[in-house]
Amino acid sequence: MPNPALILASSSAYRRELLSRLQLPFTADVPDIDESPLPGESPSATALRLAREKAAAVAGRHPGSLVIGSDQVATLDHLQIGKPGSHANALAQLQLMRGREVVFHTALCLWDGRDGSHQVEDIQTVVKFRDLPDAELDAYLRIEQPYDCAGSAKNEALGIAILERIDSSDPTALTGLPLIALTGMLRKAGIQFFNV
């Protein structure tokens, strides 16, 4: 029996690149949901809710498909740190995080449109930022422009130079799509990776 259609509920080029590593055919569809945190919602709860809502929104348009939703929220001192959206916001984020540990919650949801079931998981990554002066942080931002990345840390590119340490059970989680967790979910949904 052929695999069901696989759809990535995201407009992120980073997530598309990561998913392509699995060598499974897939398409992408933008979920277009409100990504604002709810009052009093924990970072983990926000990430899990948004991953689920993204997957559900796209699954409604593609019956019978497997839909992957993912969301990432960074947290420092119990405060949520999202996508900065601008240079000034990104610089303020990096100034706040320099020399400190930040926890990135990368939530994943696999929605099975064949029966409406879904699997969810929050993969946490602890990132220690280097204690760098404003001039270096500003230069990094002007070169990389990571304004669409939670916490302004584009670790798959030059952002790795502003980090001191990354601790995670899944090395792809920080980039935005935890492939170890995802392959486990896909296996549970009956997806075959190797024709043996």
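The figures here come from the full heavy-atom set of this structure, side chains too, leaving out hydrogens, waters and symmetry mates. Everything numeric here is computed off the predicted structure, so don't read it as measured data.
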From R165 CZ over to E101 CD, what is the distance, rounded to the nearest 0.5 angstrom? 4.5 Å
Here the pair of heavy atoms bringing Q119 nearest to A189 is NE2-N, 4.4 Å
Can you list everything that forms a ring pair (Phe, Tyr, Trp, His ring centres under 6.0 Å) with H62? Sequence neighbours excluded, please. none
For I123 and S168 the tightest heavy-atom approach is CG2-OG, 4.2 Å
Got P25 and L6 here, is their nearest side-chain heavy-atom distance under 4.5 Å? no
What pair of heavy atoms forms the shortest contact from A51 to A107, and how long is it? CB-O, 3.7 Å
N89: which residues meet the side-chain hydrogen bond (donor to acceptor under 3.5 Å, both in side chains) condition with it, sequence neighbours left out? S86
For residues 69-95, which residue pairs qualify under salt bridge (charged side-chain N to carboxylate O under 4.0 Å, His left out), counting only residues two or more places apart or in two chains? K54-D71, D77-R100
Please list, chain by chain and in numerical order, all residues satisfying salt bridge (Lys or Arg N to Asp or Glu O under 4.0 Å) with D138, sequence neighbours excluded. R142
Once rounded to the nearest 0.5 Å, what's the spacing between atom CD of E136 and atom CG of L94? 12.0 Å
Please report the interatomic distance CG(L182) to CG(L8), rounded to the nearest 0.5 Å. 9.0 Å
For residues 5-19, pull every pair meeting salt bridge (charged side-chain N to carboxylate O under 4.0 Å, His left out), keeping only residues two or more places apart or in separate chains. E17-R21
Determine, using the 4.5 Å side-chain heavy-atom cutoff (strictly less than), whether V126 and I166 are members of one ILVMFWY cluster. no
Does any part of the side chain of R61, heavy atoms only, come nearer than 4.5 Å to the side chain of I7, both counted from C-beta? no
Has T172 got a side-chain atom pairing as donor or acceptor with L177's backbone, closer than 3.5 angstrom? yes
Side chain to side chain contact (heavy atoms under 4.5 Å, CB included) between T27 and D29, intermediate numbers included: CA-CA 7 Å; T27 57; D29 190 355; over 6 Å; no
Quick check on the hydrophobic clustering: are L19 and I180 connected, directly or via other members, by side-chain heavy-atom contacts under 4.5 Å? no
So which pairs with a foot in residues 89-132 pass ring-ring contact (aromatic ring centres under 6.0 Å, His included), sequence neighbours left out? W111-H118
Would you compute the distance between atom CD of E53 and atom CZ of R49 and round it to the nearest 0.5 angstrom? 4.5 Å
Give a yes-or-no answer on whether the side chains of N3 and Q192 include a donor-acceptor pair shorter than 3.5 Å. no
Identify the heavy atoms of P84 and C149 that sit nearest to each other, and give their distance. CD-O, 3.1 Å
Rounded to the nearest 0.5 Å, what separation is found between the CG atom of L66 and the CE atom of M185? 12.0 Å
When you compare the side chain of L186 with that of L24, does any pair of heavy atoms fall below 4.5 Å? yes
Would L18 and L22 show up in the same hydrophobic cluster when neighbours are defined by side-chain heavy atoms closer than 4.5 Å? yes
Would you check if the side chain of Q72 reaches a backbone N or O of T175 as a donor-acceptor pair within less than 3.5 Å? no
Closest non-hydrogen contact found for A157 with E144 is CB-OE1, 3.4 Å
Could you check whether any side-chain heavy atom of R98 comes within less than 4.5 Å of a side-chain heavy atom of L132, counting everything from C-beta outward? no
Is it the case that the side chain of S12 and the backbone of Y14 share a donor-acceptor pair, with hydrogens and angles ignored and the cut-off at 3.5 Å? yes
Mind checking whether D170 and T106 have side chains closer than 4.5 Å, heavy atoms only? no
Compare all side-chain heavy atoms of S169 with those of P178 and state whether any distance is below 4.5 angstrom. no
Would you check if the side chain of Q80 reaches a backbone N or O of E41 as a donor-acceptor pair within less than 3.5 Å? yes
A side-chain contact here means heavy atoms from C-beta on lying under 4.5 Å apart; do S152 and P146 qualify? yes
Is there side-chain contact between T46 and E35, with at least one heavy-atom pair below 4.5 Å? no
Testing the basics here: between A57 and P31, what is the closest heavy-atom pair and its distance to 0.1 Å? CB-O, 4.0 Å
Are any side-chain N or O atoms of S70 and backbone N or O atoms of G176, one a donor and one an acceptor, separated by less than 3.5 Å? yes
Can you get from L179 to I191 by hopping between Ile, Leu, Val, Met, Phe, Trp and Tyr side chains that sit under 4.5 Å apart? yes
Hey, what do you get for CZ (R130) to CG (L163), rounding to the nearest 0.5 Å? 8.0 Å
Under a single-linkage definition using a 4.5 Å side-chain heavy-atom cutoff for Ile, Leu, Val, Met, Phe, Trp and Tyr, are L110 and V58 assigned to the same hydrophobic cluster? no
